[in-house]
Structure formats: C-alpha cells, structure tokens
S.K.: 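Below you will find the structure I want to go over with you.
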Amino acid sequence: MPENQAAWLPKKGAYPLEVNEAPYTAPGPGQLVIKNAAVAINPVDWAIQKPGIPTMSYLKYPAILGDDVAGEVVAVGPGPVGELFRVGDRVLGCAAGQDKRCNDAVQGAFQTYPVLQSIQTAKIPDSIAYEAACVLPLALSTAASALFLDEYVGLAYPTSPRAEPNGQTVVIWGASTSVGSCAVQLARSAGYDVIATASPKNFDYVRGLGAKAVFDYRSKTAVADILKAIDGRPCAGAVALGAQSMGPCLDIVGAAPGVTGKDGTKKRKFVTQISGPVNPEALAEATALTFVGLIFQFVWFGISTAVRARVRGVQYKFVWGSDLVETDLAAHIYNTYLPAALASGEFVPAPEPHVVGRGLDKIQDAFEVCKKGMSAKKVVVSL
C-alpha cells in the first residue's frame, strides 16, 4: 500500500499546516485515487485557516484542505467509473473534502494520494502540464454552477465543438479572475457573446479567452459602456466577481433587454453573486475593532443589494462551487465537455500558474503568496 502524506490543519486556526503521515484510502464506487502532481491555492483555503469561515463551521478536524488537484490515476473504484477512467490516466479534479456533503479528510487536495469523485474528474491531454491543469477545478465548478444551473443564470450547456452563436449576451464582471477566466470560455462554448470587465492591463488576456468586448471595471462609465455594447440584444444574465460587482451587474441586467423563450414568455433576469462586499484579504486581517466595521458593511450590502435588485426587477443568489454535483451538470462538464475542449484547444487552462515551490511543506508558503493577491495568475505548488 502506498505511503501517503498530507499537509494537515490539526485544529481551527492552527498555524502553520503540519506535514505528516495520512491514511491511504482505496476508492469506493464512483471514486478514484490519484497520485498528486500539482495543487492550486484558492482564497477559501487560507481563509479557513485564518480566521475561519462561519458558513464552514461544520468542518471536521484534523482536516486536509484544498480543492484543486492534477495527477495520475493509481486506483479506480468498482462499477461504471471503470468505463471512464483507467490507471495511468492523466487527470485534473475538484477534491470534495471541504464540501459539507463530504467533509472527509481523505478527499482533501493537499495530500499525496487524494480520493476524487469521478463526476468532478476530467482527463487531460499530454500537452497540458499538471501545474497548468490544476488551476481549473474549483473555478470551473463555480463558473459552471453560476452560468448553467437553473437556480442561477440557467444558460444552455456548453459543447465541444462550440455551439453556434445564439444572439444573446452574458456579462462577466471580473473576467481575469480564476472563476471569470473559466466563465468566459464556458459561456462562449455555449454560444453566448461575452461582455466582460477587467483592469486595462488584462484586456488582451480576457479577449484571448473569447470575450467580445472588455471594459475597465473601475470606469465611472462602465455600466453605460456595457449597455451600449449589448446594443439592444437579449442579455441572458451576469456573473458578479469582485467586492464592488453586484451593483453594476444588477444595473446592467435590469436595463438590458431580457431573454424571451420560444413560447413567448419572458425569462427572469438574474445575476449570480460570487463575491461579497469586501475582499477575502480584509477578512483575514480583521481585528476585533475592524471586524465590527466589516459586519456593518455586510449588513448594509445585504439590504442595499436587495432593494436595488427589487427596483431593477432582477433576481440574484450566491453560488457555491459544489452546487453542480447534485445535478447532471458535473458529469457533463468534467466527463464530457472538458476533455474534448482541452484536447481541441477550445478551452485552455487559465489563468497561468504561479508556482511557488515543490512539496507539501510549501503549501503554507503558497497561502501567504495567495493572500497578497494575484492578477491573471493562480498560486500553484508542484508535488
């Protein structure tokens, strides 16, 4: 049996992570085990460590954190999963250890041999390095849930080859982020024109992912500019990424023409919320004094957003990246769409990996790099 190691979070708030032995667990039905080659860091990872996330108070300790992995399949569970994956396959996967429905350290990312769910695992071609592939999983799941699930924007599913343009637009506010980078490509594959925002230095990057037009999110005329770019075409919805994104997205979707179904009925106008009123870095560095101010910001954000949405006639909801696992979307994205789209080059791993080192002992260092923020890049550790 292989010897497994993990970067453990022994208890809430423990610092630093402790690299130690971990059990090797054989895969069950619908599962597989990979030998990890690279992991990526998301803000949720270090936010759990400090100061912790109230909505994830269910997390069992000691815990193995992390969502984003890429590596080689070493064991396949019984049943139909064997029809999709074989030992030796190169894959990326979204580890489910932190999800409330799982809450199991053996499925955490930051270990040598994580257990993965097959519906959140995708084959990758030899041409894509593990360090590049591992930037995708959580961002991909979040973007797909935000765009395609009926309880959110509810777009038609993406296909490879890409669907023909359908004449509808989607707004991605914060398109140079990890989630935004995936959202642009997914929406384009589904046949939608993407109008996006980013900082000017990332305009070419976002256009390269498939956005039809990109505007400066800091511009005072961004909302008017985007409405002009929509040019009277139906707007299928928006994805709001960034601390100041919800207000503009509600304004845009509220003012733009909505989508009319084949039966002549109007589809609801919708914005998927991914970010809160403050950046994760502010929460991580909060003191007892500043935390009171942050609470006030959240309360005011909740009230003002609800009022703004009602006035604009727009619905909205906060998305969890794991929402797709309870639908057929997960298998469609990971088992059907993504392998084909990666192989054809229609979907590319983005943003670029920023590799900070090799080994589980470098994950804590990677947390510190991630806290400082990255532009059009994602923090990665090789294993």
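Throughout, residue positions are numbered sequentially from 1 according to the sequence presented.
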S.K.: When you measure from the side chain of D193 to the backbone N and O of T169, does any donor-acceptor pair fall under 3.5 Å?
M.R.: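 The answer is no, because no donor-acceptor pair under 3.5 Å joins these two groups.
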
S.K.: Can you find a pair of side-chain heavy atoms, one from K266 and one from T260, that are under 4.5 Å apart?
M.R.: yes

S.K.: Closer than 4.0 angstrom, basic N to acidic O: yes or no for R207 and D204?
M.R.: yes

S.K.: Checking Q364 side chain against L17 main chain: does a donor-acceptor pair fall under 3.5 Å?
M.R.: yes

S.K.: Between L329 and L136, is there a shared hydrophobic cluster once you connect ILVMFWY residues whose side-chain heavy atoms come closer than 4.5 Å?
M.R.: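 Hydrophobic grouping puts L329 with L136.
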
S.K.: Keeping the roles fixed (side chain from N4, backbone from Y113), state whether a donor-acceptor pair exists under 3.5 Å.
M.R.: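 Looks like yes, one N/O pair under 3.5 Å.
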
S.K.: Is the side chain of Q111 donor-acceptor paired with the backbone N or O of A105 at a distance under 3.5 Å, no angle test?
M.R.: yes

S.K.: Look only at the side chain of R188 and the backbone of Q185, and say whether a donor-acceptor pair between them is shorter than 3.5 Å.
M.R.: no

S.K.: Does the side chain to side chain contact (heavy atoms under 4.5 Å, CB included) test come out yes or no for T272 and L147, once each step is laid out?
M.R.: CA-CA 8 Å; T272 302; L147 289 170; over 6 Å; no

S.K.: Looking at L9 and A14, what are the two nearest heavy atoms and their distance?
M.R.: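 L9 and A14 have their closest heavy atoms at CD1-O, 3.4 Å.
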
S.K.: Taking all non-hydrogen atoms of both residues into account, name the closest pair between G237 and V153 and its distance.
M.R.: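 What the structure gives for the nearest pair is CA-CG1, 4.1 Å.
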
S.K.: How about K123 and L84: do any of their side-chain heavy atoms sit closer than 4.5 Å?
M.R.: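 No, too far: nothing below the 4.5 Å cut-off.
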
S.K.: Please check if the side chain of K317 supplies one atom and the backbone of Y152 the other of a donor-acceptor pair under 3.5 Å.
M.R.: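 Here the side-chain-to-backbone pair does not exist.
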
S.K.: Without swapping roles, check the side chain of K267 against the backbone of G154 for a donor-acceptor pair under 3.5 Å.
M.R.: yes

S.K.: Please give me the minimum heavy-atom distance between W8 and E21, naming the atom from each residue.
M.R.: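 Result for this residue pair: NE1-O, 3.0 Å.
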
S.K.: For S275, does its backbone N or O pair with a side-chain atom of Q273 as donor and acceptor, under 3.5 Å?
M.R.: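 It does hold such a pair.
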
S.K.: Could you tell me the separation between the OG atom of S145 and the CG atom of L140, rounded to the nearest 0.5 Å?
M.R.: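 Rounded to the nearest 0.5 Å, the OG-CG separation comes out at 9.0 Å.
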
S.K.: Please determine whether side chain to side chain contact (heavy atoms under 4.5 Å, CB included) holds for the pair V223 and L227, giving the CA-CA distance in whole Å, both sets of side-chain angles, and the decisive distance to 0.1 Å.
M.R.: CA-CA 6 Å; V223 170; L227 287 170; 4.1 Å; yes

S.K.: Might you point out which heavy atoms bring V206 and A198 nearest each other, and give the distance in Å?
M.R.: CG2-CB, 3.9 Å

S.K.: Looking at L92, I124, N36, L383, which hits side chain to side chain contact (heavy atoms under 4.5 Å, CB included) with Y130?
M.R.: I124

S.K.: Are the side chain of N103 and the backbone N or O of K100 linked by a donor-acceptor pair below 3.5 Å?
M.R.: no

S.K.: Of all heavy-atom pairs between L116 and G93, which one has the smallest distance, and what is that distance?
M.R.: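 So the two residues come closest at CD1-CA, 4.1 Å.
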
S.K.: Okay, side chain of Y192, backbone of A156: is any donor-acceptor separation there less than 3.5 Å?
M.R.: yes

S.K.: Would you say L138 and M374 are hydrophobically clustered, going by side-chain heavy atoms of ILVMFWY under 4.5 Å?
M.R.: yes

S.K.: Using a 3.5 Å cut-off and no angle test, enumerate the donor-acceptor pairs between side-chain atoms of residues 330-348 and protein atoms at least two apart in sequence or in another chain.
M.R.:
| residue | atom | partner | partner atom | Å |
| --- | --- | --- | --- | --- |
| H332 | NE2 | P158 | O | 2.7 |
| Y334 | OH | P137 | O | 2.9 |
| Y334 | OH | S141 | OG | 2.6 |
| N335 | ND2 | S118 | O | 3.0 |
| N335 | ND2 | T121 | O | 3.0 |
| Y337 | OH | S189 | OG | 2.7 |
| S344 | OG | A340 | O | 3.3 |
| S344 | OG | A341 | O | 3.2 |
| S344 | OG | E346 | N | 3.3 |
| S344 | OG | E346 | OE1 | 3.3 |
| E346 | OE1 | S160 | OG | 2.5 |
| E346 | OE2 | R162 | N | 3.3 |

S.K.: Compare every heavy atom of A109 with every heavy atom of A95, then report the nearest pair and how far apart it is.
M.R.: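 Minimum heavy-atom separation between A95 and A109: CB-N, 3.8 Å.
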
